[in-house]
Protein chains: 4
Amino acid sequence: MVYDGGMPNVARRSQRAHRAILDAAYELALERGHAKVTVEAIAARAGVGKQTIYRWWPSKGAILLDVLIDAVGAVSEMPDTGDVAADLKAQMTAVTELFRSDFARFYTGLIAEAQADEAVADGLAEQLLGRADGPRRQRLEKAQRDGQIRADIDVAAAAEALYAPLYYRLLLRTAPLGVDHVDALIDITLNGLRP
Amino acid sequence: MVYDGGMPNVARRSQRAHRAILDAAYELALERGHAKVTVEAIAARAGVGKQTIYRWWPSKGAILLDVLIDAVGAVSEMPDTGDVAADLKAQMTAVTELFRSDFARFYTGLIAEAQADEAVADGLAEQLLGRADGPRRQRLEKAQRDGQIRADIDVAAAAEALYAPLYYRLLLRTAPLGVDHVDALIDITLNGLRP
Amino acid sequence: MVYDGGMPNVARRSQRAHRAILDAAYELALERGHAKVTVEAIAARAGVGKQTIYRWWPSKGAILLDVLIDAVGAVSEMPDTGDVAADLKAQMTAVTELFRSDFARFYTGLIAEAQADEAVADGLAEQLLGRADGPRRQRLEKAQRDGQIRADIDVAAAAEALYAPLYYRLLLRTAPLGVDHVDALIDITLNGLRP
Amino acid sequence: MVYDGGMPNVARRSQRAHRAILDAAYELALERGHAKVTVEAIAARAGVGKQTIYRWWPSKGAILLDVLIDAVGAVSEMPDTGDVAADLKAQMTAVTELFRSDFARFYTGLIAEAQADEAVADGLAEQLLGRADGPRRQRLEKAQRDGQIRADIDVAAAAEALYAPLYYRLLLRTAPLGVDHVDALIDITLNGLRP
DNA sequence: CGGTAAGCGAGACGGTACGTCCCGTCTTCCT
DNA sequence: AGGAAGACGGGACGTACCGTCTCGCTTACCG
């Protein structure tokens, strides 16, 4: 649970209702898309009173963020074979696969919701993006120590240069995601554009 | 006008109402944010019947896309001084400034809306992103011909590697946009991460 | 229409919806009793949006008051045969019949609602009780002029002395209403208790 | 206590909670009116669990009936000075005063509730109206034996003819209660309307 | 140049979902 | 075992907007 602020007594929370709500929200989001999920439909499908939802989540976006965390977690494991290029390719390919799966619409829906709901934005940044970003930065720092990448680089900017294009295509759909794209990004970012 | 399909007689359209609608939508979006703008509020503020809005636009997102195009247009001019690094810095800085201005919320709101509304997604891609992307690619291709960047590079991927991180920070707000960020991106992308 | 205050444009009111709402409310009140009628059920049965109800009536009680006025009107005709005792008997018997009919539950429900809702209380007093009371008082005044009843009597109190016991039994159900009861009341009130 | 049926063990009942509930209900009814009192508000004000209320009373109306009985009791003492007119005036004046006091809203609220709740109707009839009516009838019967009123009269109807107008004005508020009204009623009912 | 059809403002309409309030029940922990 | 606390499934509330649908009323074109 992410958004409780501890207001009601968490110890007395019904596990049954909690699971049923997440499951119902998950099913509905896959069935009709994030934007068309309603709190009433979640409550009805979960066999739960609306108040039980509002008691624990402040908004529909908060529920769906929990659903996503619950179902996917962060794609946060960063391999370390010693070869940073290979490791990045492996992890970026995994992210690409996730972004091409059914969960893609959860991500995009939630990022959309985050533009209007500060709480969702915060939860998204902390629970998903933040968790994924740490290991990436650590892997790049290790590569710096290993001499595989330049020591004068801002690893946060480097991590973004690698991963932001994946989010760009996820959200703007100007071109498809795929292994070729990952290869091109790694080539460009590691070797640079200059001859 | 983007979304009319010419259904009613465009010649008889009231310019007064058209302007009043765009102005009202613009003001309301700045005042309460994209998500809280309603068609009824636009109509009321513009002193216009709701039907007049629905006659010319299919959805709230279409109105706001028109507002954005009307107010900003695409940041599409790409300078060409002969020095591709300097030109990219100039243009990326301009984009950064735009993304830090009040119009940022229009972009993010529209990108959010595009996740659920195919028409908005198409209009956004064609009217804003597409117009901006062409000149960037052309500038990179010229730099390839000038020998300033590698000839074996996919310029579309290269353009994304440069600009996607700006969109990433715009939408996910994990870190602030700024000139330092632009410098870091250009350094990484042109020179590569390798020592 | 009783409770409009003229806020929306009465001229544009949908007669279809108006009738459907009154009919639905009438049916529901007979089916499940005044207290269990809900605005949602009226709207659903009438095939009407809830807002269309709230646009024209401030409360459920106001609807049901209109239903009652619409269905019954005031039992206001007061016969005048020249014999005040006979006329009172005829009219009180008619009221008794009404109070024993299905409409009795409308009256009791509305009087109950009036205890908590000033607007309903006012409407009830003006639209039903007031309309019924006038003719009764006029008949008694005529009887005074005819010398059939004492000239020093407060006709309002006299009318109440005759009719209030009918309401008492209607509401408190301590004893059944009937012709015998009417006879007893007329005897007592005209002739007095004294030997 | 009226509505317990003895289900739980009455001996173990908390006197503290019992009093607190009645007091809280009393205060709330005076503060916001009978119809806006809620079981949750009573429980909260009394510092009591809702279950403790539902254990001992079947409905809100039952609580408020107990409150009224507890606070007022029946206005049941009927004086007997030998002069039935004076005795009626004294007692009807007392009732009038009660109906003009703050307790009036309890009566009206309870009578309203009784229209929809059979249990409340029964309790009201037995605990309040019934207790008050007996002495009145007995006083009238004695007056018959004393020759002060006609022997052929139905005393139940006579009692109602006298008291029902007080309830009528209490509930319908068509005219104010007062000593003049009592005087008029006694004059009419004892002496009759005829010249 | 007068008739007519279009666009327009206004806003009522049938609906859907919202977030809140209470209901009466159930569960937990305390005395 | 009774009581304080309060979460639960449920139902209705009154509100906000949606997108559609009439209404007159200008207003520009066309016969």
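Below, read A as the first sequence line, B as the second, and so on, with proteins coming before strands; counting in each chain starts at 1. Hydrogens, waters and symmetry mates are skipped; everything else that's a heavy atom, side chains included, is used.
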Indicate whether OP1 or OP2 belonging to F:dG9 is found under 4.0 Å from a side-chain N or O atom of A:T52.
-> yes

Partner of A:E31 by salt bridge (charged side-chain N to carboxylate O under 4.0 Å, His left out), out of A:K36, A:R105, A:R45 | A:R45

Does B:R55 place a side-chain N or O at less than 4.0 Å from the phosphate oxygens OP1/OP2 of E:dC8?
-> yes

Would you list the protein and nucleotides 18-25 of chain F atom pairs, both N or O, that sit under 3.5 Å from each other?
| unit_1 | atom_1 | unit_2 | atom_2 | d |
| --- | --- | --- | --- | --- |
| F:dC18 | OP1 | B:V39 | N | 3.2 |
| F:dC18 | OP2 | B:V39 | N | 3.1 |
| F:dC18 | OP2 | B:E40 | N | 3.1 |
| F:dG19 | OP2 | B:Y54 | OH | 2.6 |
| F:dG19 | N7 | B:K50 | NZ | 3.1 |
| F:dG19 | O6 | B:K50 | NZ | 2.7 |
| F:dC21 | N4 | B:Q51 | NE2 | 2.3 |
| F:dT22 | O2 | C:R12 | NH2 | 3.1 |

Atom pair distance, as rounded to whole Å: CD1 in A:I53 and P in F:dG9 | 9 Å

B:I21 CD1 - E:dG9 C1' separation (whole Å) = 11 Å

Please report, rounded to the nearest Å, how far the P atom of F:dC8 is from the CZ atom of A:R19.
-> 15 Å

How long is the line joining CG of C:N9 and P of E:dG9, in whole Å?
-> 18 Å

Would you give the length of the straight line joining atom CG of C:L22 to atom CG of C:D66, rounded to the nearest 0.5 angstrom?
-> 6.0 Å

Measure the spacing between OG of A:S14 and CZ of A:R55 and express it to the nearest 0.5 Å.
-> 10.0 Å

Between CZ of C:R16 and C1' of E:dC13 the distance, given in whole Å, is 9 Å

Would you mind reading off the distance between D:W56 atom CH2 and F:dA1 atom P, rounded to a whole angstrom?
-> 13 Å

How many Å lie between NZ on C:K36 and C1' on E:dC23, as a whole number?
-> 14 Å

Atom CH2 of A:W57 to atom C1' of F:dA7: distance rounded to whole Å?
-> 13 Å

With B:Y26, which residues qualify under ring pair (Phe, Tyr, Trp, His ring centres under 6.0 Å), at least two apart?
-> B:F106

B:R173/A:D122 salt bridge by N-O under 4.0 Å criterion | no

Does the ring of C:W57 carry C:R13 above it, NZ/CZ under 6.0 angstrom from centre and within 45° of its axis?
-> yes

